[in-house]
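Every number for a ligand or one of its atoms is a count from 1 in the order of the listing.
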Amino acid sequence: MEKLKRFTAKDAEETYLVPHWASGFFRVGDDGHLEVTPNNGTSPYASLYEIVQALRDEGRPMPVVLRFPQVLESRVRQLNEAFQTAIRKYNYGADYRGLFPVKVNQRRMVVETVAASGKPYAYGLEAGSKAELALILAQDLHPEALIACNGFKDDDFIRMALMGLKLGKNVVITLEKFAELSRVLRIANELGVEPQVGIRYKLKAKGSGQWEASGGEAAKFGLTTPEIIRAVEVMAQAGKLSALVMVHAHIGSQVTDIRRIKQAVREAAQTYVQLRRLGAPVRYLNLGGGLAVDYDGSKTAFYASANYSLPEYAEDLVYVTKEVTDSHGEPNPVLVTESGRAVTAYHSVLVLEVVDTIRPPGEEAAELPSDAHPVVKDLFDLAQTVSAKNYREVYHDAFSDKDTLQSLYDLGLISLRDRALAETLYYQIARKVWKLAQELDYPADELEDLQKLLADKLVCNFSLFQSLPDAWAVKQLFPIAPLSRLDERPTREATLVDITCDSDGKFDRFIDLHDVRDTLPVHDLRPGEPYYLGVFLVGAYQDVLGADHNLFGRVGEAHVMVDERGFSIERFVPGEKARRLIENMGYEDTELLASVERLVRQSKLGPAEKGFFLERYAAELVGYTYLED
Ligand SMILES: *Cc1c(COP(=O)(O)O)cnc(C)c1O
């Protein structure tokens with residue numbers, strides 16, 4: 001047999017599609033380690049595997065989220081510079097004033113890093129609730145940075161927004177529904193402040209991809225056209241038309257097709273023109289979120305991808321807005337976008353440790369005892385005869401033998417030993433058939449399922465519901481790759497399962513340049529050597545939508561900086577303790593302890609054992625919720 005070519009870092013990059021999805025932030029080093037390059041170039045860099053080992057040396061348990069504030073900073077810079085470049089290129093007559101919608105990730109490190117790195121660009125923040133506004137008002141922003149208040153509002157929300165305005169912050173209240181207008185006018189009057197109001201309107205243009213329903217006429221948020229006319233009339237009558245400063249339109253998240261975006265921009269720019277014609281001094285055009293992340297790296301309109309780049313997005317928004325407004329003789333508006341996903345997705349990596357492998361049978365040799373059932377004997381013969389010529393026929397025969405055996409077993413005619421042997425033989429045949437089919441250009445469709453059937457299941461110490469909720473809720477895809485051994489050819493195919501007792505807690509759809517892969521190429525685990533998988537682009541939504549299913553809580557997180565000397569772990573935020581999760585369910589830890597104490601006291605245990613039991617129980621209450629050995 002021809003000797004296989006050495007597997008290199010380059011090969012690993014193609015296997016895991018790293019250059020396709022990493023946007024320059026990750027790469028494979030020659031030593032086979034996955035590396036982060038937070039400045040989006042070649043230097044500085046750090047090995048993710050070494051970062052994880054350093055955390056282990058400090059005694060930090062898995063799973064862990066690695067956060068790279070520098071990556072976040074790079075994204076804020078890239079976004080703002082893309083718009084500045086487009087504005088210069090098309091000689092656009094106004095600025096860009098982006099907003100980060102904090103709902104995408106309200107974690108303190110995220111919001112503070114975004115605020116600090118956005119300050120030179122007068123980059124602002126967007127709130128969708130009172131609590132979000134409360135944290136936003138305390139951030140150190142550029143004085144001209146916008147603060148937009150979206151979402152449904154009560155009097156308190158509006159009052160807090162107007163107080164912010166009075167304190168010198170550039171707060172705009174977006175009207176999501178008509179009834180909010182009279183509240184805003186009344187409370188502004190009470191506080192003696194001139195409000196700044198935006199109108200969100202229902203785009204006719206729809207997004208593309210998974211969040212298509214966020215736009216269109218049936219959208220949850222936004223005013224209808226007759227309501228917009230009424231709002232203008234009400235404001236004019238109150239002598240407050242000057243407060244109408246912004247038009248807001250959001251077509252949904254992860255819009256994969258640039259044509260949909262351009263269509264929406266054209267429509268929104270037209271609404272800006274029409275509102276100005278009605279006498280409203282609108283000066284901000286807010287095009288909402290939707291800037292997509294290319295999770296699978298395919299650069300297509302597939303739901304996990306995007307058929308456009310950030311510079312192209314910025315150029316199209318600038319160009320179309322200029323074209324529409326210039327042609328109607330209206331000034332170019334200040335452009336606002338609320339990109340959340342595209343700003344935060346890249347900055348964090350979820351690290352999973354593989355704690356066990358579940359392998360389907362059929363790799364071991366099988367011997368046929370003389371008293372085996374005839375159907376088992378038949379399977380045995382099939383397993384010996386499978387070849388390139390007959391593999392499909394053999395597979396069909398094996399399949400029917402398997403059915404027969406099941407019926408016989410149900411009738412009590414097959415022993416457990418025979419059944420075990422039959423299972424081994426069936427998988428032996430399946431493995432041989434799959435191997436032969438793979439060597440063909442066009443394997444039959446019926447054999448496609450074999451890949452999944454024969455894949456290893458890697459048990460990973462995490463909860464899908466806590467750490468990758470969108471993978472469960474909306475079947476989102478994330479790039480996944482081993483953090484080490486990337487200079488070795490992966491020899492196994494696997495799916496991943498988590499440690500919740502929910503059968504949905506698994507990962508069996510992986511990125512591919514064409515559609516989706518059923519399995520992930522992985523290495524054969526070596527005893528005593530940890531094997532870590534990185535799940536990438538998880539910095540948007542995943543951090544904050546997680547659920548405490550099975551009482552697996554928030555995981556620990558490390559904030560990591562990278563410079564020419566290497567990496568440093570700036571901060572470690574421990575994961576949630578069991579007690580916190582239990583208390584969230586309405587229990588009091590003191591009551592739990594008291595009950596167990598009573599149980600121990602009444603037991604027949606010796607005093608040493610009593611002490612030990614109570615100590616262990618108390619320790620568990622303040623312990624990490626994941627597997628720790
Ligand atoms: C969720 C949301 C965003 C963020 O969208 P992304 O696709 O994550 O950029 C922006 N604006 C509004 C109004 C939103 O509801």
Under 4.0 Å to a heavy atom of Gly290 - the qualifying atoms of ligand 1, by number: 5 (O), 6 (P), 7 (O), 9 (O)

When you check the gap from the basic side-chain N to the acidic O, do Glu576 and Arg580 get nearer than 4.0 Å? yes

A side-chain contact here means heavy atoms from C-beta on lying under 4.5 Å apart; do Val336 and Leu99 qualify? yes

For Arg341, the ligand 1 atoms whose distance to one of its heavy atoms is below 4.0 Å: 6 (P), 8 (O), 9 (O)

Please report which non-hydrogen protein atom sits nearest to atom 14 (C) of ligand 1, along with the residue it belongs to and the distance in Å to one decimal place. Lys103 NZ, 2.8 Å

Using the six-membered ring of Phe152, assess whether NZ or CZ of Lys177 lies under 6.0 Å from its centre and within 45 degrees of the ring axis. yes

of all protein heavy atoms, closest to atom 8 (O) of ligand 1 is Tyr541 OH, 2.6 Å

Could you see which bit of Ser253 sits under 4.0 Å from ligand 1, with heavy atoms only: side chain, backbone, both or neither? both

Which residue and atom name correspond to the protein heavy atom nearest atom 11 (N) of ligand 1, and how close is it? Glu338 OE1, 2.6 Å

Can you list the atoms of ligand 1 that are under 4.0 Å from a heavy atom of Gln254? 7 (O)

In terms of atom number and element, which parts of ligand 1 are under 4.0 angstrom from non-hydrogen atoms of Asn150? 13 (C)

Would Phe68 and Phe25 count as a close aromatic pair, with their ring centres under 6.0 Å? no

Is there side-chain contact between Trp472 and Asp502, with at least one heavy-atom pair below 4.5 Å? no

Sidechain-backbone polar pair: Ser305 side chain, Phe302 backbone, donor-acceptor under 3.5 Å: no

Phe536 and Trp21 aromatic ring geometry - parallel, tilted or perpendicular at 30°/60° bounds: tilted

Would Glu126 count as a polar contact of ligand 1, with the cut-off being nitrogen or oxygen pairs under 3.5 Å? no

Show me which atoms of ligand 1 lie under 4.0 Å from any heavy atom of Ser339. 9 (O)

Under a 4.5 Å cut-off applied to non-hydrogen side-chain atoms, are Tyr295 and Arg341 in contact? yes

For ligand 1, which atoms, with element, lie under 4.0 Å from some heavy atom of Gly340? 6 (P), 8 (O), 9 (O)

Would Pro101 count as being in polar contact with ligand 1, using the rule that some N or O on each side must be under 3.5 angstrom apart? no

Does Arg509 pair with Asp518 as a salt bridge, N-O distance under 4.0 Å? no

For ligand 1, is there an N or O atom under 3.5 Å from any N or O atom of Gly252? no

For ligand 1, note which part of Arg200 has a heavy atom under 4.0 Å away: side chain, backbone, both or neither. side chain

Can you tell me if Phe221 has a non-hydrogen atom under 4.0 Å from ligand 1? no

So is Arg97 actually on top of Tyr284's ring, under 6.0 Å and inside 45° of the axis? no

